[in-house]
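These notes are about the structure you will find just below.
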Amino acid sequence: MYKRIKDLREDYDLKQSDIAKVINTTQQQYSKIESGKSEPTAEKLIKLAGFYKVSVDYILGLSDKK
């Protein structure tokens with residue numbers, strides 16, 4: 001999951017601080033999510049999926065279909 005979150009951000013050429021604003025958190029907290037040191041809440045996963053226009057299942061690694 002963490003690699004997919006990071007890969008999606010990099011695919012869009014965005015900074016961690018950009019995505020932190022999207023999911024209403026700090027850049028530091030988002031960095032912990034990307035590195036696997038913190039688990040994203042369901043709400044944050046839904047926001048990420050909506051922003052990137054992918055399924056939550058894709059982010060979680062349950063599906064390879066975006």
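Keep in mind that what you see is a predicted model, and the values were worked out from it rather than measured. The figures here come from the full heavy-atom set of this structure, side chains too, leaving out hydrogens, waters and symmetry mates.
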May I have the list of side-chain donor-acceptor pairs in residues 20-30 shorter than 3.5 Å, sequence neighbours left out?
residue, atom, partner, partner atom, Å
Thr26, OG1, Gln29, N, 3.0
Gln27, NE2, Gln16, OE1, 2.5
Gln29, NE2, Ser38, OG, 2.8
Tyr30, OH, Glu34, OE2, 3.0

Separation between CZ of Arg9 and CG of Leu48, rounded to the nearest 0.5 Å: 11.0 Å

Here the gap from Asp57 atom CG to Asp64 atom CG, rounded to the nearest 0.5 Å, amounts to 11.0 Å

Separation between CG (Leu8) and CD1 (Ile59), nearest 0.5 Å, reads 6.0 Å

Does any part of the side chain of Tyr58, heavy atoms only, come nearer than 4.5 Å to the side chain of Arg4, both counted from C-beta? yes

Could you go through Ile19 and Tyr52, starting from their C-alpha distance and side-chain angles, then the distance that decides it, and tell me whether this counts as side-chain contact (heavy atoms from CB on, under 4.5 Å)? CA-CA 10 Å; Ile19 302 305; Tyr52 291 122; 3.2 Å; yes

Are there over 12 heavy-atom neighbours, none belonging to Lys6, within less than 6.0 Å of that residue's NZ? no

Taking atom CG as the centre, does Asp11 end up with more than 12 heavy-atom neighbours from other residues, nucleotides or ligands that are less than 6.0 angstrom away? yes

Would you give the length of the straight line joining atom CD1 of Ile46 to atom OG of Ser55, rounded to the nearest 0.5 angstrom? 12.0 Å

With side chains defined as the heavy atoms from C-beta onward, is the minimum distance between Asp7 and Tyr2 less than 4.5 Å? no

So how far is it from Met1 CE to Glu39 CD, rounded to the nearest 0.5 Å? 4.5 Å

